[in-house]
Amino acid sequence: MIPFSPPRMDQKIVDEVVDTLWSGWITTGPKTKKFEKMLTAYGGHAATLCVSSASAGLELMLRWFGVGPGDEVILPAYTYAATANVVVHCGARVVFVDSDTDFNIRPDAIRKAITPRTKVIMPVDIAGWPCDYNAINDLVKEPQIRSLFQPANPEQEKLQRILILSDAAHSIGGEYHGIRTGRLTDITVYSFHAVKNLTTAEGGAVCLNLPAPFDHDLLYRDLNAKSLHGQTKDALAKTQLGGWRYDIIEPGYKYNMTDIQASMGIIELERYNDDMLVRRKHIFDRYTAAFSSFPRAELPLYENDERKSSYHVYLLRIRNISEAQRDAIIRGIFSRNVAVNVHFIPLPLMTYYRNAGYRIEDYPVAYDNFSREISLPVFYDLTDPMTDTVIDAVVSAVGEVMG
Ligand SMILES: *Cc1c(COP(=O)(O)O)cnc(C)c1O
């Protein structure tokens, strides 16, 4: 069986993790701080806070911005549940909007969804393809849109507009006009979950890139405390001479990353751009070369003059098929010992969100993308002969179902 996306594992990662285990620092400590600095240098943004997951990071930042009951947060209907669930946790209203044929949120649909209650927009770089950030960033700065914004706390007063909090769970290393995700919006959150491009088993990072007058050093300290019960000193600071006394300035969360996780991240990031991304692009290019001569295949966009993907998942669509035919094709692919997936089942189709009143009919492009989509395996150790097996399995399964 060709698996879908096993993590890259080798002696270098094992050695770094073992080094951490023997060091005695297994919770947040020097390696987490080092990983944060490496991420800041990689993305080119102002500061990075490592956290226990992207979900934790997104929720932390919604709470930092004071999002709560009565507020609205705009996000795509086509995403993983984490993006919407964190908004529900905060007591705010999820406002779904439709996607474009490139799978990403539509800026014109965002515009129509903005109301005086809108506090945050959460774009998602689906499969690693950056959203149209010029359009989204310009939109929230338009005088007309700004004048709708009703600041209700000091952070909102400081920003004076809707916050852009991007869910970059798929897109570390993706680029828009030569700028990497991390520096494209006010706040960007990465995921380092086991299936993501860069993994720490579980983990995430909050990249800060806010405009003046936000002070990123102060903000980092504030968020660091918020991610650790509102404690003024973390475990590392408490080991310093006379450092035992600490204070609790607010009832914070327990969202910190451990040094065990960070040690995996350090090795992964060191070789991410010149090794991992190169491998993933090679696999994307092989799929594209093969499926180009196959009229039923609709190929995903992953590179043009403006944008570059992080090649997270290869979102193949089959033309002119129903959802049931797509499901049958997937069964056929699995029967040929290849694991595939679907990214994503739109959230209005999920029981919780359907019961909350969202209707898939309101998101026709998201539904069309989903109903014809098959995500192909992309991972570091996927060899050329394995990609050929995947391609053959897809072509014969489509032939079998569609004749
Ligand atoms: C994986 C994923 C998340 C959640 O990441 P965690 O680190 O598991 O919390 C959020 N959004 C999207 C789009 C994802 O794919």
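Just so you know, ligand 1 is whichever comes first in the structure, and atom 1 is the first atom listed for that ligand. This structure is a prediction, so every number in the text was calculated from the model and none was measured.
- Checked against a 3.5 angstrom limit, the closest N/O atoms of Ala54 and ligand 1 fall inside it.
- Listed by atom number, the atoms of ligand 1 under 4.0 Å from His170 heavy atoms are 13 (C), 14 (C), 15 (O).
- Atom CD of Gln144 sits in a sparse spot, with 12 or fewer heavy atoms from other residues, nucleotides or ligands closer than 6.0 Å.
- Every atom of ligand 1 is numbered from 1 in the order shown, and the set under 4.0 Å from a heavy atom of Gly203 is 7 (O).
- Contacts of Thr83 with ligand 1, taken as heavy-atom pairs under 4.0 Å, involve the side chain alone.
- Near Tyr80, with a cut-off below 4.0 Å to any heavy atom, the atoms of ligand 1 are 2 (C), 3 (C), 12 (C), 13 (C), 14 (C), 15 (O).
- Set against the non-hydrogen atoms of Thr79, the atoms of ligand 1 under 4.0 Å away are 13 (C).
- Applying side chain to side chain contact (heavy atoms under 4.5 Å, CB included) to Ile374 and the options Ile329, Asn341, Val398 leaves one that passes, Ile329.
- Side-chain rings of Tyr358 and Tyr363 stay apart, their centers remaining 6.0 Å or farther from each other.
- Between Pro76, Ala169, Ser191, Ala82, it is Ser191 that holds the heavy atom closest to atom 6 (P) of ligand 1.
- There is a side-chain donor-acceptor pair under 3.5 Å between Thr28 and Asn256.
- Close approach of ligand 1 to Ser55 (heavy-atom distance below 4.0 Å) involves ligand atoms 4 (C), 6 (P), 9 (O).
- Glu175 and Arg307 are not joined by a salt bridge, as no carboxylate oxygen comes within less than 4.0 angstrom of a charged side-chain nitrogen.
- For the pair Asp274 and Arg279, the salt-bridge criterion is not met [side-chain N within less than 4.0 Å of a carboxylate O].
- For ligand 1, the atoms lying closer than 4.0 Å to a non-hydrogen atom of Asp167 are 10 (C), 11 (N), 12 (C), 13 (C).
- Of all atoms in ligand 1, listed by their number and element, those nearer than 4.0 Å to a heavy atom of Lys196 are 1 (C), 2 (C), 3 (C), 5 (O), 14 (C), 15 (O).
- Ion pairing between Lys33 and Asp234 holds under the 4.0 Å rule for side-chain N and carboxylate O.
- Within ligand 1, the atoms closer than 4.0 Å to a non-hydrogen atom of Val124 are 13 (C), numbered from 1 in the order shown.
- Looking at Thr48 and Thr40, their side chains do bring a donor and an acceptor atom within 3.5 Å of each other.
- Contacts between Leu58 and ligand 1, counted as non-hydrogen atom pairs separated by less than 4.0 Å, are absent for every part of the residue.
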